[in-house]
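See below for the structure under consideration.
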Amino acid sequence: MSDCLFCKIAAGDIPSSKVYEDDSYVAFNDIAPQAPTHILVIPRRHIAGISDMADDDSALVGGLFSVAKKVCAQKGITDYRLVINNGAGAGQSVFHLHLHILAGREMGWPPG
Ligand code: AMP
């Protein structure tokens, strides 16, 4: 989508601190980290959020978790939290699906 921030990051039109990329996914450091490690994993293809997934997007969405596992393994991170905010009321502020990887500090429960 032409006016989507994360589509522009995936395309390289807006700079980001990338930690991983392949044909389908990009992972980059969050610009306002909420933990010592805070990485976002996105599909290159624009999906606004989990509510906007089609049934045949299951593999693409599942792949976000595979990338998260790979990135954490490469960094030697064993304990981490994965978060997807869906909808503004749940804290979603960028409407291009993304998986947060948070690590490097104690994680409280329930999350705020
Ligand atoms: P959410 O609130 O779940 O939609 O998460 C959006 C995340 O994108 C937030 O954690 C922001 O800090 C992060 N963010 C916004 N703009 C950028 C950017 N240009 N580069 C990296 N992360 C960003």
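First listed ligand is number 1; within each ligand, the first listed atom is number 1. Computed over heavy atoms, backbone and side chain alike; hydrogens, waters and symmetry mates excluded. This is a predicted model, so every value here is computed, not measured.
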Any protein N or O within less than 3.5 Å of an N or O in ligand 1? List each pair with its distance, or say none.
{"from": "ligand 1", "atom 1": "2 (O)", "to": "Gly91", "atom 2": "O", "distance (Å)": "2.7"}
{"from": "ligand 1", "atom 1": "2 (O)", "to": "Ser93", "atom 2": "N", "distance (Å)": "3.2"}
{"from": "ligand 1", "atom 1": "2 (O)", "to": "Ser93", "atom 2": "OG", "distance (Å)": "2.9"}
{"from": "ligand 1", "atom 1": "3 (O)", "to": "Asn85", "atom 2": "ND2", "distance (Å)": "2.8"}
{"from": "ligand 1", "atom 1": "3 (O)", "to": "His98", "atom 2": "NE2", "distance (Å)": "3.0"}
{"from": "ligand 1", "atom 1": "3 (O)", "to": "His100", "atom 2": "NE2", "distance (Å)": "2.8"}
{"from": "ligand 1", "atom 1": "4 (O)", "to": "Ser93", "atom 2": "N", "distance (Å)": "2.6"}
{"from": "ligand 1", "atom 1": "4 (O)", "to": "Ser93", "atom 2": "OG", "distance (Å)": "3.3"}
{"from": "ligand 1", "atom 1": "4 (O)", "to": "Val94", "atom 2": "N", "distance (Å)": "3.0"}
{"from": "ligand 1", "atom 1": "4 (O)", "to": "His98", "atom 2": "NE2", "distance (Å)": "2.9"}
{"from": "ligand 1", "atom 1": "5 (O)", "to": "His98", "atom 2": "NE2", "distance (Å)": "2.9"}
{"from": "ligand 1", "atom 1": "5 (O)", "to": "His100", "atom 2": "NE2", "distance (Å)": "3.3"}
{"from": "ligand 1", "atom 1": "10 (O)", "to": "Asp30", "atom 2": "OD1", "distance (Å)": "3.3"}
{"from": "ligand 1", "atom 1": "10 (O)", "to": "Asp30", "atom 2": "OD2", "distance (Å)": "2.5"}
{"from": "ligand 1", "atom 1": "12 (O)", "to": "Asp30", "atom 2": "OD1", "distance (Å)": "2.5"}
{"from": "ligand 1", "atom 1": "22 (N)", "to": "Ile31", "atom 2": "N", "distance (Å)": "3.1"}

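- Partners of Ser17 according to the side-chain hydrogen bond (donor to acceptor under 3.5 Å, both in side chains) rule, which considers only residues two or more places apart in sequence or in another chain, are Asn29.
- Here ring pair (Phe, Tyr, Trp, His ring centres under 6.0 Å) pairs that include residues 72-108, with residues two or more places apart or in two chains, are Phe6-His98, His38-His100, His46-His96, His98-His100.
- Linking Ile, Leu, Val, Met, Phe, Trp and Tyr whenever their side-chain heavy atoms come within less than 4.5 Å leaves Ile39 and Val83 in two separate clusters.
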Side-chain polar contacts of residues 54-64 - donor-acceptor pairs under 3.5 angstrom, sequence neighbours left out - could you list them?
{"from": "Asp57", "atom 1": "OD1", "to": "Arg45", "atom 2": "NH2", "distance (Å)": "2.5"}
{"from": "Asp57", "atom 1": "OD2", "to": "Ala54", "atom 2": "N", "distance (Å)": "2.8"}
{"from": "Ser58", "atom 1": "OG", "to": "Asp55", "atom 2": "O", "distance (Å)": "2.9"}

| said: One pair to check against side-chain contact (heavy atoms from CB on, under 4.5 Å): Leu102 and Thr37. What are the steps and the verdict? | reply: CA-CA 6 Å; Leu102 295 153; Thr37 296; over 6 Å; no

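- With a 4.5 Å cut-off on side-chain heavy atoms, Phe28 and Ile42 count as touching.
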